[in-house]
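For the numbers below, each heavy atom of this structure counts, side chains included, while hydrogens, waters and symmetry mates do not.
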Amino acid sequence: MLVKVAIVEDETELHDYYGNMIEAWGNERNIRVITTFIENAEEYLFKYDGQNIFDIIFLDVCMKDMNGMELAHEIRKFDRNVQIVFLTGNAEYVFEGYEIGAVRYLIKPVEESKLAKALDACMEKLGSGREDYLMIKYQGENLRLSRNEIVLIKVDGHYLQMRTTDQAYEWKGSLKEMMDKLDPARFVMANRSIVVNLEYVNKITREECILENGETIPVSRGAYGPLNDAFMKYFFK
């Protein structure tokens, strides 16, 4: 098995330190790892903007000019599946940018055991996201949709409206039956009629759920607690 890892870190003296730990992790698990070292966010965007080739990216939060949080936002515009791990020397940053969908935040100096756990978590997510498809009956035909691309599902009377990253569908169906086919840790009710995919949620307030595209969805009083708890667990588990 081959895994491609990028380390975006402007402290170049740490490159070998991280590289050796990642190599040891791969050897223990019989995983072939190719690690690419990148000195700053600008270099990453110059080389890979719009065409990410990595499975896992370690991002230093505190870099000159564009920082790791800003780079993560840019990466998420064209790649939803790459696993992101933040590196930071300040624990205060742990609660910033959680909407990015980071797998872990590692506090410098990074311990080998914690880096290994972060990589294991990344691999688990990569594995669970493969071939994750949903079959629906649409306009008389069987349609296969990727669960990862579902943004939200809305019930309107006896009809379901599903929005994916690039299309919208509407068909007669039951929201309960649809929910039985989805992961309850990721697809959560925002109100009585709308289910959101937490992967596309940027922020949750007591009144609104704000998606990555800026769209706001009303959050009911009863849904806020379970929705917010699920959001925190999804990104910090």
(message) Working note: M178 + L134, criterion side chain to side chain contact (heavy atoms under 4.5 Å, CB included); need CA distance, chi angles, decisive distance, verdict.
(response) CA-CA 10 Å; M178 177 58 60; L134 171 72; 3.7 Å; yes

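- Pairing each heavy atom of R186 with each of N197, the nearest pair is CG-OD1, 3.0 Å.
- For the pairing with V3, the side-chain contact (heavy atoms from CB on, under 4.5 Å) check across I34, I56, I22 returns one residue only, I56.
- Side-chain contact between F54 and Y44: present, with at least one pair of heavy atoms (C-beta onward) separated by less than 4.5 Å.
- Side chain of E9 to backbone of E11: a donor-acceptor contact under 3.5 angstrom is found.
- Applying the ring-ring contact (aromatic ring centres under 6.0 Å, His included) test to residues at least two apart or on different chains, none of the pairs has a partner in residues 170-217.
- Each of V8, L119, I38 was compared with F58 under the side-chain contact (heavy atoms from CB on, under 4.5 Å) criterion, and only L119 meets it.
- At most 12 heavy atoms of other shown residues, nucleotides or ligands fall within 6.0 angstrom of atom CD in E177.
- Minimum heavy-atom separation, E111 to M21: C-SD, 4.3 Å.
- Every residue two or more places apart in sequence or in another chain was checked for a ring-ring contact (aromatic ring centres under 6.0 Å, His included) with Y224, and none qualifies.
- Sequence neighbours left out, the pairs with a member in residues 3-24 that pass ring-ring contact (aromatic ring centres under 6.0 Å, His included) are H15-F37.
- When every heavy atom of F231 is checked against every heavy atom of N202, the shortest pair comes out as CZ-O, 4.0 Å.
- Under the side chain to side chain donor-acceptor pair (under 3.5 Å) rule, D120 has a single partner from K125, R104, R29, which is R29.
- Neither side chain, Y159 nor Q161, offers a donor N or O lying under 3.5 Å from an acceptor on the other.
- Ion pair K176/D180 flagged as a salt bridge, since at least one NZ, NE, NH1 or NH2 atom sits closer than 4.0 Å to an Asp/Glu carboxylate oxygen.
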